[in-house]
2 protein chains.
Amino acid sequence: MKPVAHAANAQYRIQTVARLTGVPSPTLRAWERRYGIPSPQRTESSYRLYTDADVELIRRLKELCDQGMAPSQAADVVRRMAENEPPAVDELPTDAWQVAAERIIDAVKRFDPSALEMAVQRSMLLGSARTIFDRVFAPALRRIGDEWHAGQLSIAQEHLASEYLGNATRELLRLVQPTAPLRTVVLACIAGEYHVMALYGTALHFVQWGYRVVILGVDTPPEALADSVASLHPHAVGLSATQVHPREQFAQILTRYADAIGPTPWVIGGHAANQHGPLIDRLGGILARQGQDPEAVRDALEVRLRERRVEAAGA
Amino acid sequence: MKPVAHAANAQYRIQTVARLTGVPSPTLRAWERRYGIPSPQRTESSYRLYTDADVELIRRLKELCDQGMAPSQAADVVRRMAENEPPAVDELPTDAWQVAAERIIDAVKRFDPSALEMAVQRSMLLGSARTIFDRVFAPALRRIGDEWHAGQLSIAQEHLASEYLGNATRELLRLVQPTAPLRTVVLACIAGEYHVMALYGTALHFVQWGYRVVILGVDTPPEALADSVASLHPHAVGLSATQVHPREQFAQILTRYADAIGPTPWVIGGHAANQHGPLIDRLGGILARQGQDPEAVRDALEVRLRERRVEAAGA
DNA sequence: CAGGGTGTGTCCACACTTTGGATAAAGTCT
DNA sequence: AGACTTTATCCAAAGTGTGGACACACCCTG
């Protein structure tokens, strides 16, 4: 989030920065004098020249102060943060995600749990929760799955990776769950389905859209979903179906789920769902296609929600 | 979202801590004066600077006080809890764990995810990881399972509880994993087994005994175990088997696992294993009986390990 | 049941620290 | 010329520390 997009290396004078950050200029000078944050360059005539990085530091400082932390302590935190993450200066990290995924895959290949733990923990500093999942964990898992199918990895290695990446993803989700959610969504894997990662990936998207996510987990029968909808009145329901079933059987299963969910909008994703677009459409669900822009799902969901509101108002 | 605020170890002033914990600042000062809990660092000007660890201590203290314990005693318990693992002196807080479990069950009955989350988080202040699991999570899950079988809870509620308590337990385990482990143990659920909680409970015991725990997770086939043993050379293997099979079939399954594990000592627990003591004995495994003192398992394991060392020395 | 002792949360007075903002005087930019 | 910056100094409000005091609830004992 650069303040100005057009000028890459723009420099600002103090009044501009004050307007940009909402921190009065006397305070900016006081902070610099007292805590050394930030330390802008100077012109020959000793005018302060703030860079985007400086503005970013000030923003963080202000945010911490707004949260109630004392400015002196906040400055301490920001200073340590700045020292700890010089690589994340947006310069090189184009392939940082890839490198992180590589490190994870490598640890799995060497069957080294300690290295895997470390690789995963390091990945968790590479951006927002969703970014980490979409660009590190998911690609790593996909490659590990592929190599397992190709016989180059043992099932033990696949299990190990699932366990560690699953834990890390759950932790990410816990860290970003909104405190004051706008809406609620219930997520579950359909009966017989035990692969949970896609569900957590979906959860991260919903969280970013402002939903509170309630996860029922693997192997959730239709009755359980019906109960949840009746008790929680979620704004939406998300299902995951990875294991492929024959068309007839899948239609039967999915109908039971659609009935259980009732008029609440629902989304379904996963490898199995991908192959039954028309069926899902007929049952009133939204298909989250693999590789599709997740925003499309969001838009479709918004349409359904608006429809429901209109219906409710009309009735 | 917040980038990595948790990565920077911040320090807080007294009012921030008061807001964070809900304990008024005069009380914080009184607690420090009277019980020495916590003992924050000071600035040069003798302002108190609380670390995250201090906040954690205060949260625990408050949690115990809220449950009716006298602050002086609570301070005693917390101090023992902080100094070393064995907070064995649980004279009066006997019902604190029970109250916590009750709160969890109640939230599940009301199908209230927010209340459940809060109840679980509060429980996590009540002692060492193992204590929390053994005396809060496990009893709560058992009761929830019972009431579900009795038809008083829906399967959705059971799923919800599993999800939240599972996540909390994984977090506990992550927090206590030793950095410099003495030994390694590989833990897994046998093929077709998808109940994971017992495995994590076992993991917490092994961690307390100084092991590094590598979890392969649910539905782990014998081949995966063989690979893991070959790659990691663990000192022991732990299996979990909840789903009951007929004797013949179980014998066949278990034999394949025993073969896969080889000469490494192995333990098996869970409802299904309980019914096949002689079989397990014949295959050279150690049965972890339900309700049995876990130390017995540890002792049996120590015997096997000593035998192996003798053999290795003799050969 | 009365009375003394105890544990506990809260409050107070007084001195010190932190912090945002104000002012003044001189220099700089446009 | 007028708007903006810089430095330095000052100020007032809010926060904090210390030690003690006080009211209330509780327990035990006579």
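Every value quoted in this text rests on a predicted model; they were computed, and no experiment measured them. Just the heavy atoms: all of them, side chains too, but no hydrogens, waters or symmetry mates, feed the values below. Naming: A, B, ... by sequence-line order, numbering from 1 per chain.
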Testing C:dG7, D:dT6, D:dT16 for proximity to the side chain of B:Arg13, the answer is D:dT16
Are A:Glu117 and A:Tyr164 side-chain neighbours, meaning at least one heavy-atom pair lies under 4.5 Å? yes
B:Arg174/B:Glu171 ion pair, N-O < 4.0 Å: no
Would you tabulate the nitrogen or oxygen pairs shorter than 3.5 Å linking the protein to nucleotides 23-27 of chain C?
from	atom 1	to	atom 2	distance (Å)
C:dG27	N2	A:Tyr47	OH	2.9

Distance in angstrom units between B:Leu49 CG and C:dT18 P, rounded: 10 Å
Which of residues 22-43 of chain B have a heavy atom under 4.0 Å from DNA chain D? B:Arg29, B:Arg33, B:Arg42
Measure the distance from CZ on A:Arg48 to P on C:dT28 and round it to the nearest whole Å. 15 Å
d(B:Leu172 CG, B:Asn167 CG) to nearest 0.5 Å is 11.0 Å
Between C:dT19 (P) and A:Asp66 (CG): distance, integer Å: 15 Å
Option passing side chain to side chain contact (heavy atoms under 4.5 Å, CB included) with B:Val108 (candidates B:Leu141, B:Leu165, B:Leu160, B:Leu116): B:Leu116
Take the protein atom OH of A:Tyr50 and the nucleotide atom C1' of D:dC4, then report the distance between them rounded to whole Å. 13 Å
Between atom CG of B:Asp134 and atom CG of B:Leu204, what is the distance when rounded to the nearest 0.5 Å? 7.5 Å
Is a donor from one side chain sitting under 3.5 angstrom from an acceptor on the other, for A:Thr43 and A:Arg48? no
Nucleotide nearest B:Pro71 (side chain, heavy atoms from C-beta), chosen from D:dT16, C:dG9, C:dT30: C:dG9
Would you work out how much the helix from C:dC1-D:dG30 to C:dT30-D:dA1 bends between its ends, with each end axis defined by five base pairs, to 10 degrees? 30°
Testing the 3.5 Å rule here: is there a donor-acceptor pair between the side chains of B:Arg212 and A:Ser114? yes
Would you tell me whether B:Asp54 and B:Tyr12 have side-chain atoms, one donor and one acceptor, within less than 3.5 Å of each other? no
Ignoring hydrogens and geometry beyond distance, is a side-chain donor-acceptor pair present between B:Asp76 and B:Tyr35 at under 3.5 Å? no
Output the rounded distance in Å from CG (A:Leu64) to C1' (C:dT19). 17 Å
Quick check on D:dT16: is either OP1 or OP2 less than 4.0 Å from any side-chain nitrogen or oxygen of B:Ser46? no
Regarding B:Gln98 and B:Glu102, do their side chains bring together a donor and an acceptor under 3.5 Å, going by distance alone? no
When rounded to whole Å, the CD to C1' distance for the pair A:Gln11 and D:dT5 reads 16 Å
Taking atom types as modelled, find out whether B:Ser128 and B:Thr131 have a side-chain donor-acceptor pair closer than 3.5 angstrom. yes
Whole Å only: how far is the CD atom of B:Gln73 from the C1' atom of C:dT6? 13 Å
Quick one: A:Met69 CE to D:dT16 P, roughly how many Å, whole number? 13 Å
